[in-house]
Amino acid sequence: MRKIKRKIRKIFNKSKKAFFRVLYLFFKIFPVNDKRVAFLSDSRETISGNFKYISDEISSRNADLNAVYVLKKTNSAAKTIWEYTRIAWLIATSKFVILDDFYPLVYPLKIRKNVNLIQVWHAVGAFKTFGFSRVGLPGGPSVNSKNHKNYTWAIVSSANVAPFYAEGFGISQHKVLPLGAPRTDIFFDEDYKSGVVERLKNELPFIKDKKVILYAPTFRGNGQRSAYYNYDWIDFSSLYRNFKNENYVFLFKIHPFVRQPVNIPEEYKDFFFDVSSFREINDLLLVTDLLITDYSSVVFEFSLLRKKTI
């Protein structure tokens with residue numbers, strides 16, 4: 001019975017995506033709205049990250065643009081027929097379509113010449129292989145995959161990493177613009193930083209008058225659907241024994257793709273705290289004294305604060 005249900009669900013999902021592509025082709029007969037900016041994400045539910053800073057900049061300039069948002073927590077979250085219709089309309093008729101992560105729906109489409117499909121990737125730097133840099137590796141794409149290849153522009157953090165993003169996205173380097181990551185502007189805004197610190201002390205009262213260790217590993221697995229983290233690697237007892245009496249607290253910021261939350265043993269809950277529900281890690285970095293991570297690009301952002309990283 002389960003196999004039958006999975007097969008029916010698979011057929012239904014394929015039908016919805018075929019319907020989406022037909023709708024897109026139909027909507028291309030309508031004129032492009034030069035004033036519309038469509039923000040599409042399958043990795044966040046709120047206007048945050050690069051989206052927030054771009055949106056705020058549009059507002060601060062009083063630009064004559066209409067921002068529209070279609071946001072989902074993950075790309076495995078179900079979309080309704082109405083959502084497919086709306087997304088097809090926005091991609092077909094918006095002058096600017098902005099993505100901040102992997103967005104599978106858009107890749108099979110032929111983008112109109114007067115539409116700009118812009119990728120403002122959520123991470124900075126180039127610390128690990130991704131996209132077409134992983135061709136031939138486990139979980140890597142086929143060389144014939146259409147993923148990423150139809151971007152008009154991609155915005156990256158510096159000229160030094162532009163060649164790696166061009167390779168990862170499978171696009172020519174002239175389409176990769178090293179304009180900086182909007183979400184890192186906060187590190188140079190003293191008013192914003194002091195405001196966030198005060199807010200987080202209220203929202204996270206356990207950090208008051210404490211030194212904060214933030215543990216922020218990236219996920220294991222090939223992507224959103226298979227992401228996991230092995231919590232058996234964490235020695236709760238040893239960390240507690242060595243740091244609890246030194247006025248530290250230990251915060252977990254697990255990657256948003258990982259669905260399984262960290263299970264903190266009851267006897268250590270006055271030292272370990274899970275803050276993974278905070279979508280924007282950059283805010284958490286402002287109250288962090290020591291960052292522990294692995295091959296996450298968060299090392300680049302935290303380096304701007306000139307604090308210690310392991």
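Counting begins at 1 with the first residue of the sequence.
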Does the side chain of [X] reach to within under 4.5 Å of the side chain of [Y], using non-hydrogen atoms?
X	Y	value
L99	Y151	yes
V97	L90	no
V106	L40	no
I91	F20	yes
I171	V176	yes
V70	R86	yes
Y215	L251	no
F102	D42	no

Where the side chain of [X] meets the backbone of [Y], is there a donor-acceptor pair that is under 3.5 Å apart?
X	Y	answer
S94	F96	no
K253	F278	yes
S296	T293	no
R36	T93	yes
R112	K28	yes
T288	L284	yes
Y231	Q260	yes
K211	E246	yes
S194	D191	yes
T184	A181	yes

Inspect the contact between [Y] and [X] and indicate whether a charged nitrogen and a carboxylate oxygen are less than 4.0 angstrom apart.
X	Y	value
D56	K52	yes
K269	E266	yes
R44	E280	yes
K308	D289	no

TODO: List the steps and the verdict of salt bridge (Lys or Arg N to Asp or Glu O under 4.0 Å) for K193 and D283.
DONE: CA-CA 8 Å; K193 288 195 289 186; D283 285 355; over 6 Å; no
Just checking, any donor-acceptor pair under 3.5 angstrom between side chains of [X] and [Y]?
X	Y	value
Y24	Y84	no
T152	N116	no
S55	Y69	yes
S133	E167	yes

- [ ] Could you tell me whether K146 sits above the aromatic face of Y107, with NZ or CZ closer than 6.0 angstrom to the six-membered ring centre and within 45 degrees of the axis?
- [x]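 Negative - K146 is either too far from the ring of Y107 or too far off its axis.
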- [ ] Please say whether the positively charged group of K149, taken as NZ for Lys or CZ for Arg, lies over the ring of F132, i.e. under 6.0 angstrom from the six-membered ring centre and within 45 degrees of the axis.
- [x]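 Checked: cation-pi criterion met.
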Do you know which two heavy atoms are closest between [X] and [Y], and how far apart they sit?
X	Y	answer
L286	K307	O-NZ, 3.7 Å
A216	L291	CB-CD1, 4.1 Å
F51	S41	CE2-CB, 3.6 Å

Task: I118, I54, D100 screened by side chain to side chain contact (heavy atoms under 4.5 Å, CB included) with I155, the one that passes - done: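 Among I118, I54, D100, the one meeting side chain to side chain contact (heavy atoms under 4.5 Å, CB included) with I155 is I118.
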TODO: Would you please classify the geometry between the Y240 ring and the Y268 ring as parallel, tilted or perpendicular, with 30° and 60° separating the classes?
DONE: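 Geometry flag for Y240 against Y268: tilted rings.
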